[in-house]
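Report on the following structure.
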Amino acid sequence: MSELLIAPEQDRIAPVRGRTRWRRFVVMFVPSVLVVGGIIVAMATGAIGASFAVSGQSFKISADHLHGTGFRQFSGVDVTAGGSSIPVATTVIDDASITNLCQSVNVPNPFGMKIVLRVEAGGGGHPASAKGLVIGMTNLQGNATFTNIQIGRDAGQLSGNSALSGTFGQSADAVDIDNLKQSATSTSAGTFALIGLDLAVQTGQNAHECF
């Protein structure tokens, strides 16, 4: 069960209502089910969603353990090349260490078979590391512990974008997540070191996603 350090009463505010793009986002912050954090996600300057057109296809990320410092999270939107908007929780971590990282994509194809692109790294006692990274995520599961968390902060201040002023955000000095499972539509990184990188294209019965 997640351990959560709750911010003082004055730092917690009610979710923003009446904004369609926040409906899914607000659910993630119900205290009884809060297991949020960031994986391979941070941009030191702070960003709103992806800085590139996304494919619109989600991918899966899992890890045995994530330790991150400089955590921030707020609402964002990823945009496809066709102009479609995808509401996401934009998660920012200044520095992250990731043990037994797995990333997989179920690749659409005309061959009538399952094809999975799978990347693994950070095993054998040598975690992967990330700096200057941002992720647009749509779902997260795991056991999370936050250090000095502040829930309900102004997202405009957290993101550095005044367009988000008055909307919901949260931050923490550090976050630790065990048994992380995450779905996302975008990831960007300033530096992303994959120790023991293993990339494979798996097909048919041998095609397995991270979870």
Rounded to the nearest 0.5 Å, the CG atom of L158 sits from the OG1 atom of T167 at a distance of 9.0 Å
From the list T90, D94, V134, T91, side-chain contact (heavy atoms from CB on, under 4.5 Å) partner of R72 resolves to D94
Interatomic distance, OG1@T147 vs CG@D173, rounded to 0.5 Å, equals 7.0 Å
Just distance, no hydrogens or angles: give the donor-acceptor pairs under 3.5 Å from side chains in residues 195-211, sequence neighbours left out.
unit_1: Q202; atom_1: OE1; unit_2: H208; atom_2: N; d: 2.9
unit_1: H208; atom_1: NE2; unit_2: Q205; atom_2: O; d: 3.3

By side chain to side chain donor-acceptor pair (under 3.5 Å), N179 pairs with (sequence neighbours left out) none
Note: S97 and P127 closest approach over all heavy atoms is OG-CB, 3.4 Å
So CD of Q141 and CD of Q182: to nearest 0.5 Å the spacing works out to 10.5 Å
Point to revise | Cluster link V116 to V119, ILVMFWY, side chain under 4.5 Å | key: no
Sorted by chain and residue number, the side-chain contact (heavy atoms from CB on, under 4.5 Å) partners of V79 (sequence neighbours excluded) come out as V77, S85
With distance as the sole test, does D154 use its side chain to make a donor-acceptor pair with the main-chain N or O of G166 at under 3.5 Å? yes
Would a hydrophobic clustering, with Ile, Leu, Val, Met, Phe, Trp and Tyr connected at side-chain separations under 4.5 Å, put I98 with F59? yes
Residue pairs passing the disulfide bond (SG atoms under 2.5 Å apart) test with at least one member in residues 144-179, sequence neighbours excluded, are none
Checklist entry - Between S84 (side chain) and T80 (backbone), is there a donor-acceptor pair under 3.5 Å? => result no
Could you go step by step and tell me if N100 and D64 meet the side-chain hydrogen bond (donor to acceptor under 3.5 Å, both in side chains) rule?
CA-CA 6 Å; N100 289 328; D64 287 352; 2.5 Å; yes
Disulfide bond (SG atoms under 2.5 Å apart) pairs touching residues 119-205, sequence neighbours excluded, are none
Separation between CD (Q103) and CD1 (I61), nearest 0.5 Å, reads 5.0 Å
Practice item. Please report the C-alpha distance between T145 and V175 in whole Å, then the side-chain angles of each, then the deciding distance to 0.1 Å, and finally whether the side-chain contact (heavy atoms from CB on, under 4.5 Å) criterion is met. Key: CA-CA 6 Å; T145 301; V175 59; over 6 Å; no
With sequence neighbours left out, the residues meeting side-chain contact (heavy atoms from CB on, under 4.5 Å) with D176 are H65, H67
So the side-chain hydrogen bond (donor to acceptor under 3.5 Å, both in side chains) pairs with at least one residue in residues 106-128 (sequence neighbours excluded) are R118-E120
Value for OG (S75) from CG (L164), rounded to nearest 0.5 Å, stands at 6.5 Å
For T185, the side chain to side chain donor-acceptor pair (under 3.5 Å) test, sequence neighbours excluded, returns D78
With sequence neighbours left out, the residues meeting side chain to side chain donor-acceptor pair (under 3.5 Å) with S171 are R153
P87 and T138 have their tightest heavy-atom pair at O-CG2, 4.1 Å
Between Q57 and V105, the two heavy atoms sitting closest are NE2-CG1, 3.6 Å
The complete set of disulfide bond (SG atoms under 2.5 Å apart) pairs with one or both residues in residues 142-200, sequence neighbours excluded, reads none
Check: When you look at C102 and S62, which way does the side-chain contact (heavy atoms from CB on, under 4.5 Å) test go after all the steps?
Finding: CA-CA 5 Å; C102 176; S62 67; 3.4 Å; yes
| said: Is the distance between the ring centroids of F168 and F74 under 6.0 Å? | reply: no
On a heavy-atom basis, the closest approach of I149 and A172 is CA-CB, 3.9 Å
Here the disulfide bond (SG atoms under 2.5 Å apart) pairs for residues 124-183, sequence neighbours left out, are none
Here the pair of heavy atoms bringing I135 nearest to S186 is CG1-O, 2.9 Å
